[in-house]
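Each residue takes its place number in the sequence, starting with 1. When a ligand or atom number is given, it counts from 1 through the structure's own listing order.
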Amino acid sequence: MAVSIDLKPQENRAALAERAVMSAPAFPAQPLDEKPSLIGLSREELGEALASVGVEKRQIKMRVAQLWHWLYVRGVADFAQMANVSKDLREKLSSAFTIARPEIVTEQVSVDGTRKWVLRFSPKGAGRPVEIETVYIPEEGRGTLCVSSQVGCTLTCTFCHTGTQRLVRNLTADEIVGQVLLARDRLGDFPDAATPAGAIVPSEGRLVTNVVMMGMGEPLYNFDAVKAALAVVSDGEGLALSKRRITLSTSGVVPMIAKAGEEMGVMLAISLHAVNDTLRDELVPINKKYPLKALLDACRSYPGLSNARRITFEYVMLKGVNDSLEDARQLVQVLRGIPAKINLIPFNPWPGSAYECSDWDQIERFADHVNQAGYASPIRTPRGRDIFAACGQLKSESERMRKKDRDSLEAARVTELAAG
Ligand code: SAH
Ligand code: SF4
């Protein structure tokens, strides 16, 4: 994930890596809690959870409001801190449910202030714990959190590191919201303990001001969990992030685009990357299923679209592949009639990737052409390259862990056979 303008010439990654800070998590590694989580539930579901531990019907609404405040305004991760909830109820809740944060495997801080967390979640059917990555990008006047929606991805975009990892499983709503809570915790972005219970805490001055679903995975292939999570993240009495500050990025799952607009109402970004079907079929293979025309038609009818609410088209700059001025001309043509912003993303290389980033001069020429046609087309500065946190560089260890598992199983079998 990468944000902001002013691209500097390619930095020397090795030098950057030397300066990168790798810090051990200050959080004690907590054992993965298998109890159901109260994070990410709707108010109604939270009410059902309270009823299940014996809270009387007439008290449910009040208790839900209290819990909501503790969880999402104050950001507490321990029932014991819920000062205005009776000890008896706190104990009942903590024996049946968890509100623990995801386990931090590593926390890395880039020389440019970008932070990346590798987070571990319980298996939930995947066989063993899974790992994903979450990235925080601080900028002048804003801070963007890049959130993952899946462990791996079913899609295989050829320039994307996540695309080389097969899908291990979808994340659940609590795991998606958990990434936001954890980032705010680690950044000290929740009000301190001295804030009175129930107080209204203004959203100004926060460190996490924006959320982008641009981490690992295709969010529209995990629709229900992403929808539930974003409803919690945008809830005005909790985390209270405006829907205009939440962006969902899709590679082009056409049948889900209108539904996302209607049911989630967040800002939309499309990973376009090519302006003809032949090339897009190769770079973004979902294009074979939902070709450009269908994708652009879905964009044209995206609910709530206006000049004030534009769709962002992401375009990764691949040297000699999609970066000619003819491509720029066609880009302007195919987007005609769609209120759009174009983000030019310098390709972020990863070990084994088959592409090169376009030359800086060529990116500028491309951007000039698109600008002259009237589109804002910022070139995104790659952020956190030294800690492999930039757009498309996220890839978790989960698959490798599984392979290791398979290998040790295999070894055990061989030993058994040899012994038998
Ligand atoms: N699956 C979703 C969201 C995650 S990817 C999607 O594809 O939209 C977030 C953005 O990073 C997408 O635009 C993706 O195409 C881009 N990206 C992937 N790999 C990249 C790389 N190596 N360099 C630059 N951008 C990349
Ligand atoms: Fe999946 Fe998006 Fe990467 Fe494509 S670009 S492989 S859809 S994460």
Purely on distance, is any nitrogen or oxygen of V316 under 3.5 Å from one on ligand 1?
no

Drop me the distance from N322's CG to Y355's OH, to the nearest 0.5 angstrom.
9.0 Å

Find all atoms of ligand 1 within a distance of less than 4.0 Å from any non-hydrogen atom belonging to W350, and give their numbers and elements.
22 (N)

Hey, what's the ring geometry for H273 with Y315, parallel, tilted or perpendicular (30° and 60° as the breaks)?
tilted

So that I can tick it off, tell me whether R43 and D235 are bridged by a salt bridge, with the cut-off set at under 4.0 angstrom between side-chain N and carboxylate O.
yes

Checking heavy-atom distances from atom 10 (C) of ligand 1 to each of M214, M216, E314, the winner is E314

Given that the side chain starts at C-beta and the backbone is N, CA, C, O, which of these parts of I345 lies under 4.0 Å from ligand 1, counting heavy atoms, or is it both or neither?
side chain

The option among G217, S251, P219 carrying the non-hydrogen atom nearest to atom 1 (N) of ligand 1 is G217

What is the total of protein N/O/S atoms that are closer to atom 3 (Fe) of ligand 2 than 2.8 Å?
1

Under a 3.5 Å cutoff, is there a donor and acceptor pairing between the side chains of S377 and N371?
yes

Apply side chain to side chain contact (heavy atoms under 4.5 Å, CB included) to T134 and L119, showing your working.
CA-CA 8 Å; T134 306; L119 303 178; 3.6 Å; yes

R184 side, atom CZ; R101 side, atom CZ - distance, nearest 0.5 Å
10.0 Å

What do you reckon, does H161 have a nitrogen or oxygen under 3.5 Å from a nitrogen or oxygen of ligand 1?
no

Would you give the length of the straight line joining atom CD of E131 to atom CZ of R120, rounded to the nearest 0.5 angstrom?
4.5 Å

Ion pair check, R300 and D297, cut-off under 4.0 Å:
yes

Donor + acceptor pair across side chains of D323, S358 (<3.5 Å)
yes

Using a strict cut-off of 4.0 Å, indicate which atoms of ligand 1 neighbour a heavy atom of N348.
21 (C), 22 (N), 23 (N), 24 (C)

With sequence neighbours excluded, what pairs up with D112 under the side-chain hydrogen bond (donor to acceptor under 3.5 Å, both in side chains) test?
S110, T114, R383

Contact partition for T250 relative to ligand 1, non-hydrogen atoms under 4.0 Å:
backbone

Can you sort out which atoms of ligand 1 are near G215, meaning under 4.0 Å from one of its heavy atoms?
4 (C)

Looking at ligand 1, does any of its N/O atoms fall within less than 3.5 Å of an N/O of F159?
yes

If we number the atoms of ligand 1 from 1 as shown, the ones under 4.0 Å from a heavy atom of C160 are 18 (C), 19 (N)

So if I count the atoms of ligand 1 from 1 in the order they appear, which ones are less than 4.0 Å from some heavy atom of H273?
13 (O), 14 (C), 15 (O)

Modelled atom types, side-chain donor and acceptor of E133 and S148, under 3.5 Å:
no

Flag, side chain of W350 to backbone of F159, donor-acceptor distance under 3.5 Å
yes

